[in-house]
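Atoms considered below: every heavy atom in the structure, side chains included; atoms not considered: hydrogens, waters and symmetry mates.
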Amino acid sequence: MHSTAVLPPHGKFDPLPFAAGLCLRDVTQAIQPHEDGARTLWLYSLTVPAWAAVTFREGEAVHLVRQFGGRRLWDDFERALIWWHQAGEPGVECLGLTITP
């Protein structure tokens with residue numbers, strides 16, 4: 001399945017990947033750098049066979065999204081992005097985890 005994305009990936013310690021990780025249960029993400037400077041954001045489900053990938057290149061406004069499997073991971077990521085924007089794009093210092101027994 002193909003769609004398009006307009007969001008450029010953020011760096012390792014930017015708040016969006018952290019916020020997305022809190023919103024996307026049982027999903028891991030990785031950024032693959034390419035020799036030409038492009039970067040591919042990979043999303044993998046830890047519970048069902050599913051993945052999504054989008055490669056971002058400088059100067060391109062729209063990027064091709066590929067996803068496959070039993071979960072629409074890019075759609076989930078976009079919902080997390082909308083939540084993050086609506087919450088005022090909080091930084092990692094405003095996001096936290098509570099651990100209870």
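- To the nearest 0.5 Å, the span separating CZ on Arg39 from NE2 on His34 amounts to 10.0 Å.
- Taken to the nearest 0.5 Å, the CD1 atom of Ile31 stands 13.0 Å off from the CH2 atom of Trp42.
- Side-chain contact between Leu41 and Phe77 is present, with heavy atoms from C-beta onward closer than 4.5 Å.
- Residue Gly70 comes nearest to Ala50 through the heavy atom pair N-CB, 3.9 Å, listed as atom of the first residue, atom of the second, then distance.
- With sequence neighbours excluded, the residues forming a side-chain contact (heavy atoms from CB on, under 4.5 Å) with Arg79 are Asp75, Asp76, listed by chain and number.
- Residues Trp74 and Ile82 are members of separate hydrophobic clusters, defined by side-chain heavy-atom contacts under 4.5 angstrom among Ile, Leu, Val, Met, Phe, Trp and Tyr.
- Under the salt bridge (charged side-chain N to carboxylate O under 4.0 Å, His left out) criterion, no residue pair touches residues 25-35, with sequence neighbours excluded.
- Residues Arg57 and Asp36 are in side-chain contact: their nearest non-hydrogen atoms beyond the backbone lie under 4.5 Å apart.
- The ring-ring contact (aromatic ring centres under 6.0 Å, His included) check on Trp83 picks up nothing, with sequence neighbours excluded.
- Pairing each heavy atom of Thr28 with each of Leu46, the nearest pair is CG2-CD2, 4.0 Å.
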(request) Please report the C-alpha distance between Gln32 and Thr55 in whole Å, then the side-chain angles of each, then the deciding distance to 0.1 Å, and finally whether the side-chain contact (heavy atoms from CB on, under 4.5 Å) criterion is met. (result) CA-CA 9 Å; Gln32 175 189 7; Thr55 299; over 6 Å; no
(message) For Arg71 and Val27: C-alpha separation, side-chain torsions, deciding distance, then whether side-chain contact (heavy atoms from CB on, under 4.5 Å) applies.
(response) CA-CA 10 Å; Arg71 185 172 171 191; Val27 173; 3.3 Å; yes
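- The minimum heavy-atom distance linking Leu73 with Ser45 is given by the pair CD1-N, 3.5 Å.
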